[in-house]
Protein chains: 2
Amino acid sequence: MNDYIHKLKEHNLKVTPQRLGILSIIQKSGHISIEELYVAVRRDFSTISLATLYKNINFMVEVNLLKEVKIPNGKSKYEIVKEEHSHMICKKCSKLEDLELSLQSVVQTASKKSGYLFDDNALVLSGICPQCQ
Amino acid sequence: MNDYIHKLKEHNLKVTPQRLGILSIIQKSGHISIEELYVAVRRDFSTISLATLYKNINFMVEVNLLKEVKIPNGKSKYEIVKEEHSHMICKKCSKLEDLELSLQSVVQTASKKSGYLFDDNALVLSGICPQCQ
DNA sequence: TTACTAAAGGATAAAAATTATTATTAAGAT
DNA sequence: ATCTTAATAATAATTTTTATCCTTTAGTAA
Ligand SMILES: [Mn+2]
Ligand SMILES: [Mn+2]
Ligand SMILES: [Zn+2]
Ligand SMILES: [Zn+2]
């Protein structure tokens, strides 16, 4: 059936229709902001509370089911956690896309240079997408 | 004298004591959040309005005198614009540090792969700093 | 220097974003 | 079917950011 059920239970979160609805919309959209998400979720759950949405987003981020993507000069978007990846954003159309890119050598260089032990990274490249060029 | 005077005039912003104070504190601190900045600025300008602070930060970001650094799981910090660089943040002590690192080959690879034309990037590596290890 | 003008500052209200509270509902367990 | 606890909805409160409006001041030019 739905994989979210498993993921939720895995993290000791009860499986509610609201949570499944939220996750399904985030999945479908790829990346979505809180406001966009609220509008979308309300199409399925007209009475859902904004507080419920915030609480769930926060929970899910805490248990690593969701990830916040911070956008330069823009509002954060949320996505379902998957393999580590970077992002590209188009300055014209504001489209946000995934980018699979190995940062291994960069991270290794950084670690050697600084003495830090890194276990996470966030890279957003900004520019103009092919369609907008 | 002070280099900020030149930078402000360059961007058609009037040179006020408040602005010089704000810039001087940001410079000294390296990276600073709005709240921290407000506390610090009020030591020099006890009556400065929070609105003035926000307005100035926004202006200065717009004219590229300041840059906002968005931190994963944390509040944004601001810094004086300088050469392009990346950042490292320690998950234990929350210290934020600059990291000079060439992303040229990564950006080039990304561009080839995606067709985007990139002119900006934001990379934050998260981990444990040497002192906290 | 003085006077003028537009921009900037300060006080405050308003708006937007997020979190807290509390009574009701419902998921998961027995 | 019942029970217990967590989740939801409604709402208030808090926090963050922006707008308004009046006063002050920086920059300019007599
Ligand atoms: Mn993504
Ligand atoms: Mn920096
Ligand atoms: Zn585009
Ligand atoms: Zn540390």
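Below, read A as the first sequence line, B as the second, and so on, with proteins coming before strands; counting in each chain starts at 1. Side-chain atoms are counted along with the backbone in the values below, which use heavy atoms only and exclude waters and symmetry mates.
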**OP:** For DNA chain D, note the earliest and the latest nucleotide, 5' to 3', having some atom under 4.0 Å of a heavy atom belonging to chain A.
**Re:** D:dT5 to D:dT11
**OP:** Using the closest heavy atom to pick a nucleotide of DNA chain D for each, name whichever of A:N12 or B:P17 lands nearer the 5' end.
**Re:** A:N12
**OP:** Using a 4.5 Å cut-off on heavy atoms from C-beta on, say whether the side chain of A:N121 contacts that of B:V124.
**Re:** no
Subject >> Minimal non-hydrogen separation, A:I32 against A:S29, with atom names >> reply: CB-OG, 3.3 Å
Subject >> Residues A:Q133 and A:K92: side-chain donor-acceptor under 3.5 angstrom >> reply: no
Original post:
Between atom NE2 of A:H31 and atom CD1 of A:I89, what is the distance when rounded to the nearest 0.5 Å?
Top reply: 10.0 Å
Original post:
Taking 4.0 angstrom as the limit, do B:K77 and B:E36 come out as a salt bridge?
Top reply: yes
Original post:
DNA chain D: B:K14 or B:K75, which has the more 5' nearest nucleotide?
Top reply: B:K75
**OP:** Using chain B heavy atoms and a threshold of under 4.0 Å, write down where along DNA chain C the contacts begin and end, 5' to 3'.
**Re:** C:dA6 to C:dT12
Subject >> Bend angle of the helix from C:dT1-D:dA30 to C:dT30-D:dA1, end axes from five pairs each (to 10°) >> reply: 40°
Original post:
Tell me, do A:H87 and A:L123 make a side-chain contact under 4.5 Å, heavy atoms counted?
Top reply: no
Original post:
Minimum heavy-atom separation for A:C90 to A:I128, with atom names?
Top reply: SG-CA, 4.0 Å
Original post:
Going by number, which of residues 50-66 of chain A have a non-hydrogen atom under 4.0 Å from DNA chain D?
Top reply: A:A51, A:T52, A:K55, A:N56
Original post:
With no hydrogens and no angle check, do the side chains of B:N56 and B:Q18 hold a donor and an acceptor under 3.5 Å apart?
Top reply: no
Original post:
Which parts of residues 25-48 of chain A get close to DNA chain D, meaning a heavy atom less than 4.0 angstrom away?
Top reply: A:T47, A:I48
Original post:
B:E68 versus B:K70: any side-chain heavy-atom pair under 4.5 Å?
Top reply: yes
**OP:** Give the C-alpha distance, both sets of side-chain angles, the deciding distance and a yes or no for side chain to side chain contact (heavy atoms under 4.5 Å, CB included) between A:L125 and B:D120.
**Re:** CA-CA 6 Å; A:L125 301 179; B:D120 206 357; over 6 Å; no
**OP:** Measure across A:H85 and A:L99 and return the closest heavy-atom pair with its distance rounded to 0.1 Å.
**Re:** CB-O, 3.7 Å
**OP:** Could you pull out all residues at least two apart from B:E100 that satisfy side chain to side chain donor-acceptor pair (under 3.5 Å)?
**Re:** none
Subject >> Residue from B:V15, B:I26, B:I22, B:L20 passing side chain to side chain contact (heavy atoms under 4.5 Å, CB included) with B:Y4 >> reply: B:L20
Original post:
Less than 4.5 Å apart, any side-chain heavy atom of A:H11 and any of A:F59?
Top reply: no
Subject >> Atom of B:P130, atom of A:Y116 and distance for their closest heavy-atom approach >> reply: CD-CD1, 3.6 Å
